[in-house]
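For reference, the structure is listed below as structure tokens.
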Amino acid sequence: MAKILIIDDDKAVVESTADMLKSFEFTVITATDGKKGFELADLERPDVIILDWMMKDYNGLDFTNDYRSQGYTTPILFLTARGDLPVYEIEVLRRGADDYMSKPFDP
């Protein structure tokens, strides 16, 4: 089964998303800050990363830039609470994300 890394500073989002994915028997790794998430991504080599855009310590765009600059090609799904997403959609994809989903979402 695929290994999924969830990185979001909202613990409720992390827990609910992790629980839902585990119910489908995915292996789930979690981090509630971007720096710890980057360490886990490097160490665990997940198959997919679900990444919050607007984290306080290390935002999703910076994470993606750094991750891609190290040669990683792991698919990244951005989560965002931004209401103006169409304005930033191209930027997210240009920076190396593979897709995005708006919060809140129905698991």
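Bear in mind that the values here come from a model prediction, so they are computed numbers and not experimental data.
E15 meets the salt bridge (Lys or Arg N to Asp or Glu O under 4.0 Å) test with no other residue; sequence neighbours excluded. Legend: residues meeting side-chain hydrogen bond (donor to acceptor under 3.5 Å, both in side chains) with D66, ordered by chain and number and at least two apart, are Y58. Legend: residues meeting salt bridge (Lys or Arg N to Asp or Glu O under 4.0 Å) with K3, ordered by chain and number and at least two apart, are E44. Scanning for ring pair (Phe, Tyr, Trp, His ring centres under 6.0 Å) contacts around F78 gives W53, with sequence neighbours left out. Among residues two or more places apart in sequence or in another chain, the side-chain hydrogen bond (donor to acceptor under 3.5 Å, both in side chains) test is passed with D42 by Y72.
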Cut-off 3.5 Å, no hydrogens considered: what does the side-chain donor-acceptor table look like for residues 19-29, sequence neighbours left out?
from, atom 1, to, atom 2, distance (Å)
S23, OG, M20, O, 2.6

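Smallest separation of non-hydrogen atoms from N59 and D62: OD1-N, 2.8 Å. Nearest heavy-atom pair, D47 versus M1, reported as atom, atom and distance to 0.1 Å: OD2-O, 4.5 Å. Between L40 and A31, the shortest heavy-atom distance links the atoms CD1-CB, 4.0 Å. Nearest approach of D10 to A12, heavy atoms of both residues: OD1-N, 3.0 Å. Between T64 and A97 the shortest heavy-atom distance is CG2-N, 3.9 Å. Closest of all the heavy-atom pairs between F63 and G34 is CD1-O, 3.9 Å.
The line from CE of M54 to CG of D8 is 10.0 Å long, rounded to the nearest 0.5 Å. Interatomic distance, CD1 of I7 versus NZ of K36, reported as 11.0 Å (0.5 Å rounding). Note that the CG atom of D57 and the CZ atom of F38 stand 13.0 Å from one another [nearest 0.5 Å]. To the nearest 0.5 Å, atoms CD1 (I4) and OG1 (T30) are separated by 12.5 Å.
Here the side chains of V13 and D52 are not in contact, with every heavy-atom distance at 4.5 Å or above. Under the 4.5 Å side-chain criterion, counting only non-hydrogen atoms from C-beta, I50 is in contact with L77.
One finds a salt bridge joining R68 and D98 here, because a Lys/Arg side-chain nitrogen approaches an Asp/Glu carboxylate oxygen to under 4.0 Å.
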